[in-house]
Structures are given as structure tokens and as C-alpha cells.
**Q** 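Please see the structure below; I have some questions.
Not measured: the values here are computed from a predicted model. Each residue takes its place number in the sequence, starting with 1.
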Amino acid sequence: MDDTASEESAPTDTGTAEVVTALVAAQQEQLIRPDADPEELAARMRRVHHELTTLLMHYQFGIDEVRTKVDILRREFELLHEYSPIEHVRTRLKSTESLIEKAVRTGGDMTIPAIRERVKDIAGIRITCSFVSDVYWIADMLGRQRDLEVLTVKDYIAAPKPNGYRSLHVIVQVPVYLSEHTELVPVELQLRTIAMDFWASTEHKLSYKYRKNLPAPLRGELDDAARVAAELDQRMERLRDEIRPRSPGTPTVEDPTS
């Protein structure tokens with residue numbers, strides 16, 4: 001989600017920045033040409049602003065809908081079961097600048113429908129859990145809700161990325177009921193343990209500082225830290241039942257890495 005260089009937004013590379021700058025410059029040349037119609041120009045600017053505002057509004061509503069579902073699960077566990085598998089929840093809506101940069105980076109038309117079709121992480125929710133099994137448990141609970149459709153699943157816990165990044169990414173589609181129509185909005189869920197989140201946050205900060213060109217010693221330290229974090233998750237998983245004894249109605253979701 002926001003802002004692990006491993007999967008979400010990374011520091012903007014020079015090539016992308018130059019492309020965005022070139023696009024803006026080209027637009028400016030169009031706008032200031034001698035034969036430009038000021039009224040037509042103003043209308044175009046208002047239309048683009050309206051389309052972007054509407055797009056981001058829909059995605060914010062999608063975040064609100066899914067966040068409510070997560071909060072309901074969290075409160076239910078806290079009030080009735082004296083244990084919640086959900087430790088922390090954070091949300092993120094891409095900024096206009098970040099959205100444009102990713103749209104340029106992924107190629108294709110720069111129209112709003114085309115951008116929406118290929119950029120799937122405009123809206124994001126990060127759910128942090130204590131145990132690996134809780135990550136899959138929460139994903140299963142949300143996936144079984146009738147008004148949430150699971151579009152894609154990327155399991156970077158079972159198969160970590162080469163740099164050590166681990167997380168479960170699930171893109172769900174949620175209906176947003178507006179005054180005149182229903183909008184189907186994709187929302188990216190990132191589910192991870194505290195250890196995974198700590199590692200990803202540190203990796204992002206270092207990648208941002210060094211603009212993704214990490215010195216070899218730091219890269220080695222991060223690789224080792226990823227291994228230690230994975231081992232910690234495995235050890236904590238073995239202690240899970242001491243903290244959360246299983247009841248007959250509790251689903252069993254095993255850690256695929258164990």
C-alpha cells in the first residue's frame with residue numbers, strides 16, 4: 001500500500017519524472033498556442049478536474065466501505081472473543097501526482113477509464129496481524145462476504161519477493177451505492193504480520209534515502225533482517241495457541257511457509 005518500496009509506491013525514478021515533465025510541457029504548449037480558445041481551454045480544464053475528483057471520490061468511498069467491514073470484524077473480536085487478530089489498520093488513497101506517475105510508468109492511454117483499468121492500487125488498506133495464520137484467517141473472512149468480490153491474490157508470504165518482501169495482497173471489488181448508480185470499486189488489501197510490516201517500512205525508508213540504489217552492506221543487512229523476521233513469525237506462530245486457544249468454531253488456517 002503506501003509506501004513500501006517493495007510493492008507500493010517507490011521513489012520516483014529519473015526516467016518517470018522526465019516523462020511526466022515532458023507530458024506537462026507538451027500540454028502547456030497546447031494551452032498557450034496563439035490560436036487557443038480561452039473558453040474551450042477553461043472547459044477542458046474543468047472537465048479534467050471533475051473527472052479526477054470524481055475518480056478519487058469513488059475510490060475513497062470504496063476505502064470507507066471496506067474499512068467499515070474490517071472495523072466491524074475487529075470490534076466483534078474485541079467485544080465477544082477477547083482477542084482480535086487485527087492489530088492495526090491503515091488506509092491510503094493515491095495522490096493525483098502518484099496516480100499520474102504510475103499511469104505513465106505502466107504505459108497506455110492517459111484517459112480516466114484507461115488509467116482505472118490498469119492501475120489497481122489507487123485505494124489501499126493495510127491490515128497488520130500478530131500471526132501469519134491470522135493474515136490468512138482475516139483474508140478468508142473478508143473473501144466470504146457476499147458483497148466483496150476477490151479479483152486477484154498475490155501471496156508474497158508463501159513466495160517472498162527477491163528482496164525479502166513478504167505480504168498477502170488481495171484486490172477486492174466493493175459496490176459503492178451512489179445517488180444515481182452503483183460504482184464497483186477495486187480496493188487493494190495488504191495483510192501482513194507486525195514483523196513483515198516493520199521490515200517493509202525500514203526497507204522503504206532506506207530505498208527512499210538511497211533512491212533504490214542501496215549500498216551492498218545495507219542490502220546484505222536487509223536480506224538478513226528479512227530472514228530473521230521470517231524466523232520470528234514462525235516462532236511466534238508456535239506460541240499462538242497459548243495466546244489464542246482454538247475453540248470448536250474457530251477455522252484453522254495454516255501458515256503455508258511452515
**Q** If you round to the nearest 0.5 Å, how far is CE of Met236 from CZ of Arg238?
**A**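 Rounded to the nearest 0.5 Å, the CZ-CE separation comes out at 10.5 Å.
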**Q** Where is the tightest heavy-atom contact between Ala103 and Ile115, given as atom of each residue plus distance?
**A** CB-CG1, 3.8 Å
**Q** Are Val176 and Thr182 close enough, and set up right, to give a side chain to side chain contact (heavy atoms under 4.5 Å, CB included), and what steps lead you there?
**A** CA-CA 6 Å; Val176 173; Thr182 300; 5.9 Å; no
**Q** Got more than 12 heavy atoms from elsewhere within 6.0 Å of CD, Gln145?
**A** yes
**Q** Answer yes when Glu231 and Arg227 have at least one side-chain N-carboxylate O distance shorter than 4.0 Å, and no when they do not.
**A**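 Salt bridge: yes.
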**Q** With a 4.5 Å limit on heavy-atom distance, are the side chains of Met196 and Val132 in contact?
**A**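 Side-chain contact under 4.5 Å: yes.
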**Q** Please tell me whether Glu87 and Ser130 have a donor and an acceptor in their side chains that are separated by less than 3.5 angstrom.
**A** yes
**Q** Looking only at side chains, do Tyr210 and Arg219 share a donor and an acceptor under 3.5 Å apart?
**A**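 No, no side-chain donor-acceptor pair sits under 3.5 Å.
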**Q** Taking all non-hydrogen atoms of both residues, which atom of Ile138 and which atom of Cys129 are closest, and how far apart?
**A**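 Heavy atoms of Ile138 and Cys129 come nearest at CG1-SG, 4.3 Å.
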**Q** Does Thr202 use its side chain to pair, donor to acceptor, with the backbone of Phe198 at less than 3.5 Å?
**A**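 Yes; at least one donor-acceptor contact below 3.5 Å.
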**Q** Do the non-hydrogen side-chain atoms of His58 and Leu178 ever get within less than 4.5 Å of each other?
**A** yes
**Q** Any side-chain heavy-atom pair from Arg126 and Arg192 closer than 4.5 angstrom?
**A** yes
**Q** Determine whether Thr111 and Glu51 satisfy the following criterion, side chain to side chain contact (heavy atoms under 4.5 Å, CB included), listing intermediate values before the conclusion.
**A** CA-CA 10 Å; Thr111 62; Glu51 289 177 349; over 6 Å; no
**Q** Hydrophobic cluster mates of Leu151, side-chain heavy atoms under 4.5 angstrom, ILVMFWY only, any path?
**A** Ile171
**Q** Does one hydrophobic cluster hold both Val170 and Val70, with members joined at side-chain heavy-atom distances below 4.5 Å?
**A** yes
**Q** May I ask you to check whether Arg67 and Thr91 show a side-chain donor-acceptor distance below 3.5 Å?
**A** no
**Q** Show, in sequence, the C-alpha distance, side-chain angles and deciding distance for Leu239 and Arg235, and conclude whether the side chain to side chain contact (heavy atoms under 4.5 Å, CB included) test is met.
**A** CA-CA 7 Å; Leu239 298 173; Arg235 294 182 64 180; 6.0 Å; no
**Q** For residues Pro186 and Ala123, report the shortest heavy-atom separation together with the two atoms involved.
**A**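 Heavy-atom minimum between the residues: O-CB, 4.1 Å.
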**Q** Check Arg116 against Leu55 and note the closest heavy-atom contact, atom names and distance.
**A**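 Arg116 and Leu55 have their closest heavy atoms at CD-CD1, 4.1 Å.
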**Q** Let's go through Leu73 and Leu142 carefully: what are the C-alpha distance in whole Å and the side-chain angles of both, what is the deciding distance for side chain to side chain contact (heavy atoms under 4.5 Å, CB included) to 0.1 Å, and is it a yes or a no?
**A** CA-CA 9 Å; Leu73 290 176; Leu142 291 170; 3.8 Å; yes
**Q** If I take atom CZ from residue Arg90 and atom CD1 from residue Ile125, how far apart are they, to the nearest 0.5 angstrom?
**A**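 Taking CZ in Arg90 and CD1 in Ile125, the distance rounds to 12.5 Å.
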**Q** Starting from Leu148, can I reach Val89 by hopping between I/L/V/M/F/W/Y residues whose side chains sit under 4.5 Å apart?
**A** yes
**Q** If you define the side chain from C-beta out and look only at heavy atoms, does anything of Leu222 sit under 4.5 Å from Asn163?
**A** no
**Q** Could you pull out the closest heavy-atom pair between Glu237 and Phe131, with the gap in Å?
**A** OE1-CB, 3.3 Å
**Q** Counting only heavy atoms not in Arg75 (residues, nucleotides, ligands), do more than 12 fall under 6.0 Å from its CZ?
**A**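 Not buried by this count: 12 neighbours or fewer within 6.0 Å.
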**Q** Find out whether Glu149 and Leu184 are in side-chain contact, i.e. whether some heavy atom of one side chain is under 4.5 Å from a heavy atom of the other.
**A** no
**Q** What I want to find out is whether Glu78 reaches Arg74 closely enough, with some N-O distance under 4.0 Å, to be called a salt bridge.
**A** yes
**Q** Out of curiosity, does Val150 fall in the hydrophobic cluster containing Leu168 (side-chain heavy atoms, cut-off under 4.5 Å, transitive links)?
**A**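 Shared cluster, yes.
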**Q** Evaluate the side-chain proximity of Asp233 to Ile157: yes if any heavy-atom separation is below 4.5 Å, no if none is.
**A** no
**Q** From Tyr59 OH over to Asp64 CG, what is the distance, rounded to the nearest 0.5 angstrom?
**A**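 One gets 14.5 Å once the value is rounded to the nearest 0.5 Å.
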**Q** Under a single-linkage definition using a 4.5 Å side-chain heavy-atom cutoff for Ile, Leu, Val, Met, Phe, Trp and Tyr, are Leu214 and Val228 assigned to the same hydrophobic cluster?
**A**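 In one cluster with Leu214: Val228, no.
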**Q** Distance from Leu218 atom CG to Asn213 atom CG, nearest 0.5 Å?
**A** 12.0 Å
**Q** If I take atom CG from residue Leu99 and atom CD1 from residue Ile122, how far apart are they, to the nearest 0.5 angstrom?
**A**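 Output value for this atom pair is 5.0 Å.
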**Q** For residues Ile63 and Gly124, report the shortest heavy-atom separation together with the two atoms involved.
**A**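 The pair with the smallest heavy-atom distance is CD1-N, 4.1 Å.
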**Q** Relative to each other, are the rings of Phe77 and His81 parallel, tilted or perpendicular (30° and 60° limits)?
**A** tilted
**Q** What orientation do Trp199 and Tyr165 show, parallel under 30°, tilted 30 to 60°, or perpendicular over 60°?
**A**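 Correct class here is tilted.
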**Q** Below 4.5 Å, heavy atoms only, C-beta onward: do Glu188 and Arg92 meet side chain to side chain?
**A** yes
**Q** Would you say that Phe61 contacts Met57 through its side chain, given a criterion of any heavy-atom pair below 4.5 Å between the two side chains?
**A** yes
**Q** With rounding to the nearest 0.5 angstrom, report the CD1 to CG distance, Ile86 to Asp71.
**A**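 Between atom CD1 of Ile86 and atom CG of Asp71 there are 8.0 Å.
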